[in-house]
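To start, the structure itself, in structure tokens.
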Amino acid sequence: MRAVGSRLNLVNPGSRASVYLDLIRFVAAAIVVLSHLGTPDWSTGPLFIWKQITSLGFPSVIIFFVLSGYFISSSVLKMQDSGRWSWRDYLINRGTRLWIVLIPALLLTLFWGVLQSQLYGQEYTREGVAMTDALSIKYFFSNLVFMQHIYSPTFGLNNPLWSLSFEFWYYILFPCLLLVFKAKTKRGKVLSFIVFSSISLFVGWKVMLYFLIWLLGAVVAIIKPIKLKNMFVKILLVVGTLMAAIMVSIAPKAFNIYPTYYLPLKQYGFDFALGLVAAFLVYMIISFYNLSNTSRPAAVFTNLAGFSYTLYLVHYPVINFISKASGRKAAGSSDFIWQQSTTNYFLYLPIVFTALLLYAWLISLITEAKTSGAREIVSRVIGNMKKNRAPSVSVVESYEK
């Protein structure tokens, strides 16, 4: 599907490309969960390969950045090209998408953290903050306004929250960057440049370095798709790129670099390389499979991706609670409830993983699945507030990441 002026490379809803990207979203979220569940210390054979794949939690976040960069930039560029750009509509779309899950996730983090502290005693976050302090109202609101990992630790022990602050600021930075060149007036261009520069200084160099990876997804949205007729070549390219992504994800360990959300500079080269490979994979999937419709059974992948954001935000406090309840180490430890036992791992993993999926899905039914309705309510309320002060602005379509 080619959008306004045939200039944008947009994915066609209902196409196989759309389903494949949904599958990638869910698999990335699932790997994050599996990485936090940990594995026994397998060192050889097929189980060692499984251990390497299920430890790719941080690389999965890099893939999230690229996918987000593609979908969000596509939405912004489409609005710009159609002449329907509105900061109000855009912020309503993004804000409802983020907060409708984030607020319940923070409250659940508080619940599990307090329960864990009461039953199993004090614990400290990776930043060295006592859990009781990390659950303070100060950190609740700092995470609510996306200050985590910038000017405050993540709330409670919900470490995955770190990437959400990056995402939020990228949502603001990209339109500002675009408006530096596309604003209709010189004043608009200057103002956009000032806001972009101010936010860049505010969030710091680490956030801005990973913004470059996010932008790789945006590049896909503006490159004309390639056309190949040979099905074997298509499959070979997609599978080859997927394998390359796995290899690049594992490669840092060969140099004794274990990517973490502390984002040491030495891991950035590997993260950027993964971003390039992931962007190329997204580009090929859209190029090869965007015009073919999917079958009904493939809709299961879309449904799974439909609660991947919720799964990402709510799973960690539960895993940490189970870990403490079983007398084991922290989430992600090889000495989780498996107790270094391969038998325990394959006995309990399907039960724990399925329970986490069900937990996240049930929460998503009253949060993530209600995003469109919440957006309409917020739009209506804000529209009524401004009814007598400004002309109405049409609500624009946006892609959900």
Side-chain angles (χ1 to χ4, degrees), residues 25-39 54-64 98 101-117 119-120 122-136 139-140 142-144 146 148-149 152-167 258-263 307-326 328-338 348-349 351-364 367-368:
R25 283 171 55 199
F26 175 73
V27 170
I31 290 177
V32 170
V33 175
L34 289 170
S35 71
H36 291 149
L37 287 171
T39 65
T54 57
S55 67
L56 299 179
F58 184 86
S60 295
V61 176
I62 299 300
I63 293 173
F64 281 139
L98 293 175
V101 180
L102 175 60
I103 294 173
L106 291 174
L107 294 174
L108 287 168
T109 300
L110 177 63
F111 168 78
W112 289 110
V114 170
L115 184 62
Q116 180 177 321
S117 296
L119 294 178
Y120 307 112
Q122 186 65 277
E123 188 176 350
Y124 292 85
T125 68
R126 292 184 180 182
E127 294 90 351
V129 180
M131 180 188 282
T132 51
D133 294 330
L135 291 170
S136 68
Y139 293 140
F140 180 94
S142 66
N143 281 240
L144 187 63
F146 310 102
Q148 65 271 26
H149 205 66
S152 77
T154 55
F155 183 62
L157 292 174
N158 200 343
N159 292 332
L161 288 170
W162 75 268
S163 67
L164 201 60
S165 62
F166 284 49
E167 288 277 0
Y258 297 88
T260 71
Y261 79 116
Y262 290 114
L263 308 179
F307 70 95
S308 59
Y309 173 41
T310 304
L311 177 64
Y312 181 79
L313 286 193
V314 304
H315 75 277
Y316 194 87
V318 180
I319 291 178
N320 206 68
F321 180 84
I322 295 173
S323 176
K324 290 302 177 183
S326 63
R328 300 296 129 195
K329 297 178 182 178
S333 168
S334 61
D335 194 28
F336 186 55
I337 61 174
W338 329 126
Y348 293 119
L349 177 67
I351 298 172
V352 175
F353 185 69
T354 301
L356 288 169
L357 290 182
L358 180 61
Y359 171 73
W361 175 70
L362 290 172
I363 295 170
S364 75
T367 58
E368 194 166 358

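Keep in mind the model is a prediction, meaning the values are calculated, not measured.
- Looking only at distances, a side-chain donor or acceptor of Gln148 sits under 3.5 Å from a matching main-chain atom of Leu161.
- The side-chain heavy atoms of Ile63 and Arg25, taken from C-beta on, include no pair separated by under 4.5 Å.
- Side-chain contact, Thr109 with Tyr316: no donor N or O sits under 3.5 Å from an acceptor N or O.
- Atom CZ in Phe26 sits 10.5 Å away from atom CD1 in Ile31 (nearest 0.5 Å).
- Separation of the Phe155 and Phe140 ring centroids falls under the 6.0 Å cut-off.
- A heavy-atom distance below 4.5 Å is not found between the side chains of Leu110 and Leu106.
- The aromatic rings of His315 and His36 sit parallel to each other, their planes meeting at less than 30°, with 60° as the upper class boundary.
- Without hydrogens or angle criteria, Asn158 side chain to Leu313 main chain gives a donor-acceptor distance under 3.5 Å.
- Contact annotation: the side chain of Val33 approaches that of Ile319 to within less than 4.5 Å [non-hydrogen atoms, C-beta and beyond].
- Defined by atom type and a distance below 3.5 Å, a donor-acceptor pair is missing between the side-chain atoms of Thr310 and Ser364.
- The two atoms that bring Tyr312 and Ser163 nearest to each other are OH-OG, 2.7 Å, heavy atoms only.
- Looking at Val32 and Phe58, their side chains never come closer than 4.5 Å, going by heavy atoms from C-beta outward.
- In terms of heavy atoms, Tyr309 sits closest to Glu368 at CB-OE2, 3.3 Å.
- Tyr359 is not listed as a side-chain neighbour of Thr354, based on a closest heavy-atom distance of 4.5 Å or more.
- When atom types are taken as modelled, the side chain of Asn143 and the backbone of Ser165 share no donor-acceptor pair closer than 3.5 angstrom.
- By the 4.5 Å heavy-atom criterion applied to side chains, Tyr348 and Ile322 are not counted as neighbours.
- Proximity of Leu98 to Phe146: side-chain heavy atoms (C-beta onward) are separated by under 4.5 Å at one or more points.
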